[in-house]
Amino acid sequence: MTLHINGHCDEMPMQELKALILKHGGQYDHYFSKSTTTHMVASNLTPPKKHEVRHFKVATPRWVLDSIAQGKLLPWHRYSALTMVPLVSDQTLLVPTVHGATSSGSIPPPGHALPQPPPSTPARPPAPARPPAPAPTPRPAAKDAKDPEFLQQYYQHSRLHFLSTWKAELQAMMRPIHDELQRKAQERAANAPPPPFKVIMHVDMDCYFVSVAFRSRPDLVDKPVGVAHAEKMNADGSSEIASCNYVARRFGVRNGMFTDQARKLCSQLFLLPYDFAAYRTTTAQLYAALRDFATGLHDLSCDEAYIDESPHITDPSDILPLAHAIRPKFAPERDAPRRLGHHVARKLAGMKVVTAADLVNVSEPKLQAELGAKLGETLYGYGRGIDEGDFGHKPRQTVSAEVNYGIRFDAQDQAHEFMRQLTREVAQRLHSVGAKAAHMTLKIMKRATDADPRMHLGHGICDTFSKSQTFARATNQADALATVACTRLVYPGDKVEKDGRTLFDFVRPTKGKKEKKGNGDEVGCGDRTVGRREEPVPPPRSAPRVVEGARNGAPAAWIEGATSSTIAQVDKIMAQELALSVLNDLPPDIRRELI
DNA sequence: ATCCTCCCCTAC
DNA sequence: TAAGGTAGGGGAGGAT
Ligand SMILES: Nc1ccn([C@H]2C[C@H](O)[C@@H](COP(=O)(O)OP(=O)(O)OP(=O)(O)O)O2)c(=O)n1
Ligand SMILES: [Mg+2]
Ligand SMILES: [Mg+2]
């Protein structure tokens, strides 16, 4: 059973109550979750709050203390914290509990029952009533990017940030292993005939985040389950499902779907929380295991890798047995096809290409005309079993930090302060990989006029703008990056009188496209004014100019209002020594020009 | 031709 | 009570 404590309770500090619950075999939800919380514990609820939670099982802390003291689970309704509210008759409205029980007063199976004091640890006697705990006043959650704590909190909770940064860490971690495998491969090539077949296996963990969550919730393996942040219990909260298991997929639930939509498809869906630390250790285990099977290893993501098995294969019939050996539950029918993005898939469907086999029916020029030269050629090859994709690692070319959530600035200094935080982040990452950048790009997303105003903290429909600049010298200094971002790529416009709400003003505004995600085949871009070569970075130009730009014919020299997103990206990163040596190798006249 | 800048798209 | 990041491939169109 899983309890959530609402507000503070009169009997004892919340932390102590929580510790008691955990100690005696209960689970604890920091946030109430419709799908995992079985009971709520509350001392004093305001009438509106009572109304809000009237469909849930809400008991007083005394219920927990008495149950522990008596060594058995007492019926919660004797301790209901909702006595002022008439009991509802429609119990079917109750969300599933961890045990699937929907009737009130259900007693969980013994294995999960709250009172199970181990003989060695006598139950703590019920705490005597005390005065209310001193107001714990934890710092309120940072609401949006105006809050200086926002960035850190956001990163702690963003799964996409986790995926991306963990992938970069993985690649760094794998480099020595990769080098070693490469060395062995060269040795083999020198001493033995090349393998008759090139066999690359694609290893991908099933519903990764959910599978990790199952380790602590084995009771749910047969249920439809997703991993997502807790939703607001009341009404309209919804969060994105990072991963869902195959039971849930049978209902149509998908990774990346929002919980409100998912629940319409599958009302019994259970949602479990993230556990980023566990993903890390599990991924490390995965890669350690794969290294022992493979003669080549290409890390793709936290749950996925290519392994080169060519030397182990002398005949095609060896392939499946080997795959079975590597993964006992290997299921050929689940072998994922190459997935296509929305836009490409639509264009292909227009050519009557739905499966890979259909690709043989389309000529290469036709594919190239529809999809671009490169992708057309690549897909033409795929249709014929040709994949020239290389299996190597390239050094990283860019480092970037980007936030498109919680961006709600009212004034320019807020926006600039946030830019300073982002550039500081980029500088730190450069330092951590021992690199400097020779180029920087700033990207801004501006909320489109037709964006949905009810949007919570997401970015919604936006126009995007970007501007980049080459540095005279490569740098990894946070201050330098911040200066460039705030004064060279973007600067406070002259027309700040606009309610004091001018936020960013592109030195050279460009016309943006319609939206970030979604069907992006509107008009192409254009309207680029002259790009004259920028001066070397420090010192910044003293007199920035305002340039009129146009989007759909309207003057658009500044961006105003509740804006959206920011990215600070540095390009052409290089080892520190290299940056200097390249510079020193330049002919003196060019060098003087740069410095 | 090739490079550069700004933009789009994809994957996890 | 949510947490739409991040890196890379690549194209259009102008500059060189
Ligand atoms: N839109 C997405 C897609 C994936 N992920 C995370 C959660 C996934 O568990 C993990 C791995 O992604 P996969 O594409 O491999 O998806 P799963 O492993 O969840 O499912 P499958 O069994 O189809 O591989 O990345 C995410 O947060 N958001
Ligand atoms: Mg997977
Ligand atoms: Mg995967």
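Note on naming: letters A, B, ... go to the chains in the order of the sequence lines (proteins, then strands), and numbering restarts at 1 for each one.
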Apply side chain to side chain donor-acceptor pair (under 3.5 Å) to A/E304 and A/H202, showing your working. CA-CA 7 Å; A/E304 186 168 357; A/H202 182 176; 2.8 Å; yes
Could you say whether the aromatic ring of A/H157 and the base of C/dA3 stack, counting only centre distances under 5.5 Å and plane angles under 30°?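 Stacked: ring centres under 5.5 Å, planes under 30°.
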Give a yes/no verdict on base stacking between C/dA3 and A/H161: centres under 5.5 Å, planes within less than 30° of parallel.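 A/H161 vs C/dA3: stacking no.
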Considering just the side-chain nitrogens and oxygens of [X], establish if one lies under 4.0 Å of OP1 or OP2 belonging to [N].
X	N	value
A/S468	B/dC6	yes
A/S466	B/dC7	yes
A/T441	B/dC6	no
A/Q469	B/dT5	no
A/S164	C/dA7	no
A/R396	C/dA7	yes
A/Y274	C/dA3	no
A/R429	C/dT6	yes
A/Y155	C/dT6	yes
A/N404	C/dG5	yes

Using a 4.0 Å heavy-atom cut-off across all strands, classify [X] as base, sugar-phosphate, or nothing.
X	value
A/N255	nothing
A/A141	base
A/F150	nothing
A/G237	sugar-phosphate

Calculate the interatomic distance between [X] atom [atom1] and [N] atom [atom2]; express it in whole Å.
X	N	atom1	atom2	answer
A/E240	C/dT1	CD	C1'	16 Å
A/R408	C/dA3	CZ	P	13 Å
A/L371	C/dG10	CG	P	13 Å

If we ignore angles and hydrogens, is there a donor and acceptor under 3.5 Å between the side chains of A/S238 and A/T259?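 Yes, a side-chain donor-acceptor pair sits under 3.5 Å.
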Just by distance, no angles: are the side chains of A/S158 and A/Y405 close enough, under 3.5 Å, to form a donor-acceptor pair?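 Result is no, nothing qualifies.
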Can you tell which of [options] lies closest to the side chain of [X]?
X	options	answer
A/A230	C/dT6, C/dT1, B/dT5	C/dT1
A/H343	C/dG11, B/dC12, B/dT10	B/dT10
A/V344	C/dG4, C/dG8, B/dT10	B/dT10
A/D303	C/dT6, C/dA3, B/dC12	B/dC12
A/K232	C/dT6, B/dC6, C/dA2	C/dA2

Which residue lies toward the 5' end of DNA chain C, A/G458 or A/K374, if each is placed at its nearest nucleotide?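 Upstream on the strand: A/G458.
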Would you kindly compare A/Y154 and A/E231 by the position of their nearest DNA chain C nucleotide and give the one closer to the 5′ end?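 Its nucleotide being nearer the 5' end, the pick is A/E231.
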Got a donor-acceptor pair under 3.5 Å from the side chain of A/Y405 to the base of C/dA2?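 Pair found.
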Going by heavy atoms in the side chains, are A/M257 and A/E240 under 4.5 Å from each other?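 Side chain of A/M257 against side chain of A/E240, heavy atoms only: no contact under 4.5 Å found.
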With a 4.5 Å heavy-atom cut-off, do A/Y155 and A/T165 have their side chains touching?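 The answer is no; the side chains never approach within 4.5 Å.
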Have a look at A/N245 and tell me which of A/D206, A/V210, A/V253 forms a side chain to side chain contact (heavy atoms under 4.5 Å, CB included) with it.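 Of the listed residues A/D206, A/V210, A/V253, the side chain to side chain contact (heavy atoms under 4.5 Å, CB included) partner of A/N245 is A/V210.
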